[in-house]
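Down below is the structure, laid out as structure tokens.
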Amino acid sequence: MGSLLQALSAFPTDAQPLLAAALAGGTGKSRITETIFDRRFRYTEGLCAMGAAIQVEGDTAYILGRPLHGAQVAATDLRGGAALTVAALGAQGPSRIWGLDHVDRGYEGLETALAALGGNIRRETGP
């Protein structure tokens, strides 16, 4: 099992949650080590609610890729919310993501852009 982010030492840590979402829904074993931001792996709880097999030990997340399913999850930060959105697009069944105000701070019109690429996504308002 190799560490992709270690092998890609110039990999931007801000893109790490998106990569983790892709790895969680893929196949094989992966390991991501985060040495810059504390609590960066908060989003993994939402991925696990979608069926991801992720175990966080200290500054490292161990990921076993497998099919994901829809779930109701909450975005806890900007990049984690984007990761949950990407994971939901690849999951079987519908997902609902709360806390999109975090995502909106950095990804204006994300649902419009993803829908233009063929994603089955829409924003709902209200309870």
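Everything quoted here is computed from the prediction, not taken from an experiment.
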inquiry  = To the nearest 0.5 Å, what is the distance between CZ on Arg40 and CD on Glu34?
reply    = 5.5 Å
Result of checking Thr44, Asp59, Thr60, Leu23 against Ile32 for side chain to side chain contact (heavy atoms under 4.5 Å, CB included) = Leu23
ask   = Closest heavy-atom contact between Val73 and Ala49?
value = CG1-CB, 3.9 Å
query = His69 and Ala91: which non-hydrogen atoms are nearest, and at how many Å?
reply = C-CB, 3.6 Å
Heavy-atom donor-acceptor pair, Ser95 side chain to Gln72 backbone, under 3.5 Å = no
inquiry  = Ignoring hydrogens, what is the shortest heavy-atom contact between Cys48 and Ile54? Give both atom names and the distance.
reply    = SG-O, 3.8 Å
key: Contacts of Glu45 that satisfy side-chain hydrogen bond (donor to acceptor under 3.5 Å, both in side chains) - sequence neighbours left out   = none
request  = Please name all residues satisfying side-chain hydrogen bond (donor to acceptor under 3.5 Å, both in side chains) with Arg42, sequence neighbours left out, ordered by chain then number.
outcome  = Asp77
query = Hey, what do you get for CG (Leu78) to CG (Leu100), rounding to the nearest 0.5 Å?
reply = 11.5 Å
Over 12 foreign heavy atoms within 6.0 Å of CG, Asn120 = no
task = Would you indicate whether Glu108, at its atom CD, is surrounded by more than 12 heavy atoms from other residues, nucleotides or ligands within a distance under 6.0 Å?
result = no
request  = Provide the closest heavy-atom pair for Ala21 versus Ala87 in the form atom of the first, atom of the second, distance.
outcome  = CB-CB, 4.1 Å
Pairwise distance CD1(Ile97) to CD(Glu124) - rounded to 0.5 angstrom = 11.5 Å
message = Do Tyr43 and Arg79 make a side-chain contact, defined as non-hydrogen atoms from C-beta onward lying under 4.5 Å apart?
response = no
request  = State, to 0.1 Å, how close Phe41 and Ala61 come at their nearest heavy-atom pair, and which atoms those are.
outcome  = CE2-CB, 3.5 Å
Side-chain hydrophobic cluster, 4.5 Å single linkage: members besides Leu64 = none
request  = Kindly say whether Gly51 contributes a backbone atom to a donor-acceptor pair with the side chain of Arg66 at under 3.5 angstrom?
outcome  = yes
Among Leu89, Leu110, Thr112, the one residue meeting side chain to side chain contact (heavy atoms under 4.5 Å, CB included) with Ile121 = Leu89
query = For the atom pair CG (Leu84) and CZ (Arg96), what is the distance rounded to the nearest 0.5 Å?
reply = 15.0 Å
note = All heavy atoms of Ala83 vs all of Leu47, minimum pair found to be O-CD2, 4.4 Å
